[in-house]
Amino acid sequence: MAFDIILDWIMASLPASVLTTPGADASQQEIFEYVFSDFLLASSFVSNIALAGLTILAIVYLGRNLTDPRAKLIAVSVMLISVVSISSYSGLTSGLTISFIEMPAGHTVAGEEVLTMWGRYLTWTFSTPFILIALGLIAGSDWTKITTSVAFTIAMCVTGLAAALTTSSVMLRWWWFVLSSIFFLVIVYIILVEWSGEAEQTGTGDLFNTLKILTVVGWFGYPILWFLGVEGIALLDVALTSWGYSILDIITKYIVTMLIMVYVAKEPPEICGGSDYGLSK
Ligand code: RET
């Protein structure tokens with residue numbers, strides 16, 4: 001309701017000329033106005049700003065009595081997921097991290113200027129490492145495997161960004177997509193094989209099992225959306241793709257975070273490290 005009023009207010013203040021699709025030379029303001037001329041697109045961003053904010057508040061509340069440094073590390077990791085997310089969606093909402101790019105020959109919409117939300121791929125580079133750090137700590141894994149997963153998720157996101165922004169050749173777009181997918185499979189292997197086994201031994205198998213399903217199934221949704229969306233074969237339009245990503249974000253970030261925090265708040269011995277954990281001297 002409040003959103004409708006804000007939207008009406010913004011729309012009323014716009015000259016009709018900006019409501020046509022802006023091109024590659026569009027200013028940030030034109031892109032911002034374009035986003036708010038599409039309710040579906042704008043709401044896919046704004047709803048996530050609200051959810052990320054609520055999740056941060058919930059973490060602060062649930063974690064207020066934490067004393068164990070390892071439990072606190074998990075809480076800080078999950079908080080950083082939402083900290084990155086609220087910034088990421090603010091960037092998208094303001095038009096700062098969205099551009100119109102012309103698709104190369106051979107693409108389904110070759111020659112057309114399409115809206116690309118490249119800020120998403122950029123900011124996943126910073127949010128996905130914190131998801132993996134939290135999962136690795138819950139599984140009771142070691143820093144070699146956790147760092148490996150973090151390095152591969154950064155590689156996956158940066159090559160995904162390259163796939164979205166390459167305009168020289170459609171082949172090269174798909175080549176980046178394949179590279180990114182290979183890096184993704186390394187992460188899937190670490191979660192499904194390495195960490196699943198370790199979680200059983202650590203005693204966190206039950207929680208990890210749920211987190212594993214939400215994470216692996218949810219994460220597979222991202223390349224599928226990329227493939228079906230305007231970056232890939234352009235079967236889905238931009239607003240639908242954006243809602244798809246926003247729904248996946250709700251599952252892989254906020255729901256996963258809440259499950260983790262409800263568990264960590266009780267400071268079970270399986271995830272605690274003792275008062276000496278992580279000391280640097
Ligand atoms: C891309 C396209 C290239 C191929 C692959 C992709 C995978 C993306 C994934 C993203 C996960 C994002 C999350 C964000 C939370 O903040 C880049 C879409 C494999 C798995 C969980």
Side-chain angles (χ1 to χ4, degrees), residues 7 10-11 14-49 52 84-128 154-180 222-249:
L7 195 65
I10 291 175
M11 296 299 292
L14 298 181
S17 58
V18 302
L19 297 179
T20 53
T21 308
D25 56 353
S27 70
Q28 210 178 92
Q29 192 194 347
E30 281 170 331
I31 295 179
F32 169 74
E33 286 159 352
Y34 177 81
V35 167
F36 274 89
S37 70
D38 185 335
F39 176 79
L40 210 54
L41 186 60
S43 58
S44 75
F45 298 160
V46 176
S47 56
N48 258 266
I49 295 183
V84 173
S85 190
I86 204 165
S87 317
S88 169
Y89 278 102
S90 300
L92 293 168
T93 307
S94 63
L96 174 69
T97 55
I98 295 183
S99 305
F100 280 83
I101 62 169
E102 193 182 315
M103 287 300 171
H107 192 275
T108 323
V109 287
E112 275 180 45
E113 274 162 359
V114 301
L115 179 142
T116 179
M117 298 170 283
W118 56 267
R120 284 191 184 274
Y121 315 116
L122 177 72
T123 53
W124 293 344
T125 311
F126 305 105
S127 59
T128 53
I154 293 173
M156 174 189 82
C157 296
V158 173
T159 46
L161 176 66
L165 289 183
T166 297
T167 51
S168 50
S169 119
V170 80
M171 273 293 289
L172 273 171
R173 287 178 69 84
W174 287 111
W175 168 240
W176 286 123
F177 182 88
V178 169
L179 262 188
S180 178
Y222 291 83
I224 294 174
L225 267 180
W226 198 102
F227 180 87
L228 296 176
V230 74
E231 324 273 18
I233 59 171
L235 210 66
L236 302 177
D237 75 11
V238 169
L240 263 185
T241 313
S242 186
W243 257 112
Y245 283 135
S246 292
I247 289 168
L248 290 178
D249 276 4

Straight-line distance of [X] [atom1] to [Y] [atom2], nearest 0.5 Å:
| X | Y | atom1 | atom2 | result |
| --- | --- | --- | --- | --- |
| I31 | T93 | CD1 | OG1 | 13.0 Å |
| L248 | L225 | CG | CG | 5.5 Å |
| S99 | D25 | OG | CG | 11.5 Å |
| T159 | I154 | OG1 | CD1 | 11.5 Å |

Least distance between heavy atoms, [X] atom then [Y] atom:
| X | Y | answer |
| --- | --- | --- |
| L240 | D237 | N-OD1, 2.8 Å |
| E231 | R173 | O-NH2, 3.0 Å |
| S88 | G119 | OG-O, 4.2 Å |
| S242 | S44 | OG-OG, 2.8 Å |
| H107 | G232 | NE2-O, 2.9 Å |
| A234 | T108 | CB-CB, 4.1 Å |

Hey, are the side chains of [X] and [Y] touching, using non-hydrogen atoms and a 4.5 Å cut-off?
| X | Y | result |
| --- | --- | --- |
| V238 | V114 | no |
| S43 | W243 | yes |
| V230 | T241 | no |
| S246 | R120 | yes |

Name of the residue among I101, I98, D38 meeting side chain to side chain contact (heavy atoms under 4.5 Å, CB included) with L115:
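In the set I101, I98, D38, the residue that makes a side chain to side chain contact (heavy atoms under 4.5 Å, CB included) with L115 is I98.
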
T97: side-chain contact (heavy atoms from CB on, under 4.5 Å) partners, not counting sequence neighbours
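With sequence neighbours excluded, T97 shows a side-chain contact (heavy atoms from CB on, under 4.5 Å) to L92, W118, given in chain and number order.
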
Please confirm whether the backbone N or O of L122 pairs with a side-chain atom of T125, one donor and one acceptor, at under 3.5 Å?
yes

For the rings on Y121 and W176, is their centre-to-centre separation under 6.0 Å?
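Ring centroids of Y121 and W176 are no less than 6.0 Å from each other.
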
ring-ring contact (aromatic ring centres under 6.0 Å, His included) partner of Y245, chosen from W226, W124, Y89, F45:
W124

Between W174 and F177, what is the ring plane arrangement, given parallel below 30°, perpendicular above 60°, and tilted in between?
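It falls in the perpendicular class, over 60°.
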
Residue Q28 excluded, over 12 heavy atoms near CD under 6.0 Å
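For Q28, atom CD is crowded (more than 12 foreign heavy atoms under 6.0 Å).
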
